[in-house]
**Q** 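Below: one structure in structure tokens.
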Amino acid sequence: FMLRNAKQKMEDDNETSSEDYRETCLHLAQSEKEVGSDWDGVTVLQENNEEETVVLPDYIDKAITRGYVKTVLKWINANRMED
């Protein structure tokens with residue numbers, strides 16, 4: 001999705017002969033080949049997986065970004081029913 005926007009901006013700015021434009025088009029074509037050209041950049045397809053997804057609590061997200069490893073490890077090893 002980001003590549004589509006970058007390509008469109010370069011086209012709007014008439015920069016279609018630049019090396020950046022060619023590289024963006026190449027990456028966009030590769031991405032569309034992998035995920036499909038109709039992907040909206042948001043929708044996540046469901047996998048055939050029996051496991052439930054894990055919801056990451058806000059305090060764990062903050063602990064990860066601040067490097068509080070002990071807090072994160074405690075949460076990983078804790079009973080998930082508490083969250």
**Q** Return each pair, listed once, that meets salt bridge (charged side-chain N to carboxylate O under 4.0 Å, His left out) where at least one residue sits in residues 61-72; pairs must be two or more places apart or across chains.
**A** none

**Q** Would you mind listing every salt bridge (charged side-chain N to carboxylate O under 4.0 Å, His left out) that reaches into residues 16-29, with sequence neighbours excluded?
**A** E19-R22

**Q** Which heavy atom of R4 sits nearest a heavy atom of L28, and at what distance?
**A** CG-CD1, 3.6 Å

**Q** Taking the hydrophobic residues Ile, Leu, Val, Met, Phe, Trp and Tyr, and joining any pair whose side-chain heavy atoms are under 4.5 Å apart, which ones share a cluster with Y68?
**A** none

**Q** Under the side-chain contact (heavy atoms from CB on, under 4.5 Å) rule, collect the residues that match up with D13, sequence neighbours excluded.
**A** K9, E15

**Q** How long is the gap from OG1 on T24 to CE on M2, to the nearest 0.5 Å?
**A** 9.0 Å

**Q** Not counting sequence neighbours, which residues clear side-chain contact (heavy atoms from CB on, under 4.5 Å) with E11? List them please.
**A** K7, Q8, T16, Y21

**Q** Count the heavy atoms belonging to other residues, nucleotides or ligands that lie under 6.0 Å from CG of N14, then report whether that count exceeds 12.
**A** no

**Q** Roughly how far, to the nearest 0.5 Å, is the CD atom of Q30 from the SG atom of C25?
**A** 11.5 Å

**Q** Taking atom CD1 of I64 and atom OG1 of T71, what is their separation to the nearest 0.5 Å?
**A** 10.5 Å

